[in-house]
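Structure, as structure tokens:
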Amino acid sequence: MAHQGQAGTARPDGRGDAGGRVRRAAPPAPDEPWQDWLRDLAWRLRRSLRTHRDGARIFAGARPVRGTLQVLDQLAAVLLRAGFSPQDALRNGGVVVGYTLGFVLDEQAALALAAEGTTPEGVGSALASGEYPVLSEVLASVGRPSPDADFRHGTELMVAGMSALSAAAAGR
């Protein structure tokens with residue numbers, strides 16, 4: 001899957017355009033499922049947001065600029081070609097960007113806390129208190145979180161949900 005396009009540019013206020021750093025991907029080839037293209041886009045956006053320590057926070061606080069609008073435009077075009085209504089294409093594109101942005105915000109906040117040698121106030125003691133026995137047991141059985149595996153899981157949930165909506169709409 002080759003992706004070509006232009007990199008983002010720095011803005012006059014010094015903030016980068018993470019959307020612009022996501023290379024403008026070619027639309028899915030006729031034999032490439034839109035779902036694969038969407039997964040790839042989410043991973044590229046995540047990588048782009050992570051290129052700067054506060055990339056997700058900066059992206060969230062920025063006005064949409066050319067690169068961001070290109071990503072949203074391309075998402076809408078691919079989803080419309082896949083048979084989604086204009087409203088669903090717009091909503092689904094927002095879900096992909098919003099999920100990815102929120103995930104990276106959490107990742108970057110955890111990294112900042114770890115770099116300071118701190119953890120969120122009271123989490124460890126709250127879990128040790130026995131007040132949350134099911135959560136404590138689940139966390140003990142799961143082990144260390146894997147951000148890549150967690151992101152993949154969330155991306156698969158998005159794609160599965162969108163696929164189910166698309167199939168239901170086609171069956172109407």
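Heavy atoms only: backbone and side chains are in, while hydrogens, waters and symmetry mates are out.
- Connection of Tyr99 to Leu79 is established within a shared hydrophobic cluster, with ILVMFWY side chains joined at heavy-atom distances below 4.5 Å, either directly or through further cluster members.
- Ring pair Phe151/Trp43 is perpendicular by interplanar angle, where above 60° counts as perpendicular and below 30° as parallel.
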Could you go step by step and tell me if Arg53 and Gln108 meet the side-chain contact (heavy atoms from CB on, under 4.5 Å) rule? CA-CA 7 Å; Arg53 181 186 58 152; Gln108 291 179 333; 6.0 Å; no
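- Of the options Asn92, Leu80, Leu38, a side-chain contact (heavy atoms from CB on, under 4.5 Å) to Leu75 is made by Leu38 and by none of the others.
- Linking Ile, Leu, Val, Met, Phe, Trp and Tyr residues whenever their side-chain heavy atoms come within less than 4.5 Å places Val95 and Leu105 in a single cluster.
- Atom CD of Gln35 and atom OG of Ser166 lie 7.5 Å apart (nearest 0.5 Å).
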What verdict does the side-chain contact (heavy atoms from CB on, under 4.5 Å) test give for Val97 and Leu72, after you've listed the backbone C-alpha separation in whole Å, the side-chain angles of each residue and the deciding distance to 0.1 Å? CA-CA 8 Å; Val97 172; Leu72 293 171; 3.7 Å; yes
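- Side-chain contact between Asp73 and Leu69 is absent, with no heavy atoms from C-beta onward closer than 4.5 Å.
- In terms of hydrophobic clustering, with Ile, Leu, Val, Met, Phe, Trp and Tyr side chains grouped at heavy-atom distances under 4.5 Å, Leu139 and Tyr132 are assigned to a common cluster.
- For the atom pair OG (Ser146) and NE2 (His153), the distance works out to 12.5 Å, reported to the nearest 0.5 Å.
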Show the numbers, then the answer: is there a side-chain contact (heavy atoms from CB on, under 4.5 Å) between Arg152 and Arg39? CA-CA 9 Å; Arg152 183 174 297 107; Arg39 285 181 192 99; over 6 Å; no
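- Looking only at distances, a side-chain donor or acceptor of Ser129 sits under 3.5 Å from a matching main-chain atom of Ala126.
- Taking a cutoff of 4.0 Å between a charged side-chain nitrogen and a carboxylate oxygen, Asp40 and Arg44 qualify as a salt bridge.
- Rounding to the nearest 0.5 Å places CG of Leu41 at 12.5 Å from CG of Asp36.
- A heavy-atom distance below 4.5 Å is found between the side chains of Pro147 and Arg46.
- Linking ILVMFWY side-chain heavy atoms closer than 4.5 Å, directly or via other members, places Val142 and Leu127 in two distinct hydrophobic clusters.
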